[in-house]
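Scroll down for the structure; my scribbles are underneath it.
Note on naming: letters A, B, ... go to the chains in the order of the sequence lines (proteins, then strands), and numbering restarts at 1 for each one.
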Amino acid sequence: MDRPDPNSSPEPSRDEPLRQEIERLRHEVEQLRRGQTEPAEAAPPENGAEPATVNPAWERVLLARHPQRPTFLDFVRELFADFVELHGDRRFGDDPALLGGFASFQGRQVMLIGQQRGRDVKEKIRCNFGMAKPEGYRKALRLMRLAEKFQRPILTFVDTQGAYPGVDAEERGQAEAIALNLREMARLGVPVIATVTGEGGSGGALGIAVGNRVLMLENAMYSVISPEGCASIMWRDADRKQEAAMALRLTAPELLGYELVDEIVPEPAGGAHLDAAAAARLLGEALQRNLASFESLSPGELRAQRYERFRRLGPFFTEA
Amino acid sequence: MTWFRRERKPLTSVPDKHVKTEGLWVKCEGCGRIIWKKELAENQEVCPRCEHHFRMDSRRRLELLLDEGAYHERDKGLRSTDPLEFTDLKPYRERLAKAEQATGMLDAVIAAEGKLGGRPVVVCVMEYGFIGGSMGAVVGEKITRAIERAIERRWPLIIFSCSGGARMMEGAVSLMQMGKIAAALARLDDAGVPFISVMTDPTTGGVTASYAMLGDLNIAEPGALIGFAGPRVIEQTIRQKLPEGFQRSEFLLEHGMLDAVVPRKQMREFLIRALEFCGVGMAAAERAVAQAG
Ligand SMILES: [Zn+2]
């Protein structure tokens, strides 16, 4: 989460939507370049300014964001034969960053929801790098309610830097859309299994991750803020991102240690990007087993279990 | 006597928004005038010239809000254990100790019970002076317990938010408090107990994206910064300065995100009136039976 900036004093600007759009695209292309070059940082830098060794937390960040890491749609293709995408929030639009639809999974009908961060340049721009807007969260909620109506379990796949921080998203109530998902997911009467497959970025990730079980892929990350954002606020220097990544305890084993996630899904040796099919098989096994464990629970029991799961999160205080 | 009056400047165009203090005097961010602190205090920390709402101490707010200024504080002794052993430029533990010293509180929220217009209420007030009002495990737990008490007693819940969002120094522990509180609010909603969320300057990040936007009524003080992403992050994303008044209460009202913008001096009366409408509420199960019948 970002802190409000008391020093920000935007000057009046001419409202030029076109210029804004160009700027946005330019920025996205820059982000994309950054995303593609980042894994190379694992190699020793030429200038010697940066440490030659990458700290273990940052290594995970690079794996979680690896350009070849399977996306939501890759997992859908590998695990579900007959995905039918459903579009739109019935309010404003259809968000290409947050997708959903039904599919069958080993004989079960399930609802799938996930952020699509994109693979090639064109897709990344089209799906806004997996950064959803309010209409994405509202579509997700609509589809989850649809699943509840027909008593179908929900599988969500988290892979986002965060909810989109833009003018239009704020105007349409980004915060309200996420907040509502948190509250409404808490009382769904069907099983919800959430899996952080790549980057679990803050409230934008949690907005589809209030599950009876929360799984995390071995090299995924889940954090309250990106290491870059944390470094620029707390260290006042975005280049201290590796230290921030360590400090935030954002890796799967650490989060399991704090009991914030329930299970780590193993990845093929070297990371999911080396063998998407194997990564999907391992995830499929975990999803199957977790779904089976909730099959006999009533809607009331599912709500109660999910409530208890979240109620006990973070008992890190003393009481005088 | 209006000939000397200067136009109130939009909040976002004031070049330096730091409040300049020189002992007994304070400069208003709204109109730039120098105000005597005592005069400001007597006016509920609202500029007598331009109505700019200064940030308010959480205890003071409770005293001004509740009948006879009386309240009973709950869960006062909860204190963070620094689960991440977080250190940036200085250890989180040091920041906590400094905040404790500055505010006399152990974390960034007061969970209180008192009466409002004769009716018992549960009120939580966030304290910006404690690490920017940020939400970690203690804030999450205190608010969740307050919600549970509101359900148990069927007392209305009012939360005054004043927060930069989730507390970075508690990492994903902070993030999960959003889910924890929202889940408790689902139960409050099922129970038919009213919840009024009052957003004050600033209310951003994980606080806005969880309980602050989940009131039966979502209201705000004038001129408060309210949003999901902070203005600086948005400016970095779009590479452009933000328009005047963006993410202020009035902007949110215009975009349909608030029920009302309520000046501080009318807040008490507004809340009493709103709770009169809400009555005692009806639980979801009773509502279903009533509808079926
Ligand atoms: Zn003023």
Open item on the list: Please output the residues of residues 311-320 of chain A in contact with chain B, using a heavy-atom cutoff of under 4.5 Å, in numerical order.
Closed with: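 The list, in residue order, reads A:Arg311, A:Leu313, A:Gly314, A:Phe316, A:Phe317, A:Thr318, A:Glu319, A:Ala320.
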Given that the side chain runs from C-beta out, which part of [X] has a heavy atom under 4.5 Å from chain B: side chain, backbone, both or neither?
X        : value
A:Arg172 : backbone
A:Ala163 : both
A:Leu255 : side chain
A:Tyr222 : both

Task: CD (A:Glu259) with more than 12 external heavy atoms under 6.0 Å - done: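 Counting neighbours around CD of A:Glu259, 12 or fewer heavy atoms of other residues, nucleotides or ligands fall under 6.0 Å, so no.
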Task: Residues in residues 78-88 of chain B near chain A [non-hydrogen atoms, under 4.5 Å] - done: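 B:Leu78, B:Arg79, B:Ser80, B:Thr81, B:Pro83, B:Leu84, B:Glu85, B:Phe86, B:Thr87, B:Asp88 fall under the 4.5 Å cut-off.
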Could you have a look at [options] and say which one has the most heavy-atom pairs with chain A under 4.5 angstrom?
options                                : value
B:Asn218, B:Asp189, B:Leu252           : B:Asp189
B:Arg187, B:Glu141, B:Met213           : B:Arg187
B:Val173, B:Thr208, B:Thr203, B:Leu214 : B:Leu214

Task: Any donor-acceptor pair under 3.5 Å from A:Glu170 side chain to B:Phe228 backbone - done: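 Looks like yes, one N/O pair under 3.5 Å.
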Open item on the list: Is B:Asp107 close to chain A through its backbone or its side chain, or both, or neither, when contacts mean heavy atoms under 4.5 Å?
Closed with: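 Neither part, no heavy atoms under 4.5 Å.
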Open item on the list: With a 4.5 angstrom heavy-atom cut-off, is it the side chain or the backbone of B:Tyr211 that approaches chain A, or both, or neither?
Closed with: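 Answer is neither: B:Tyr211 stays 4.5 Å or more from chain A.
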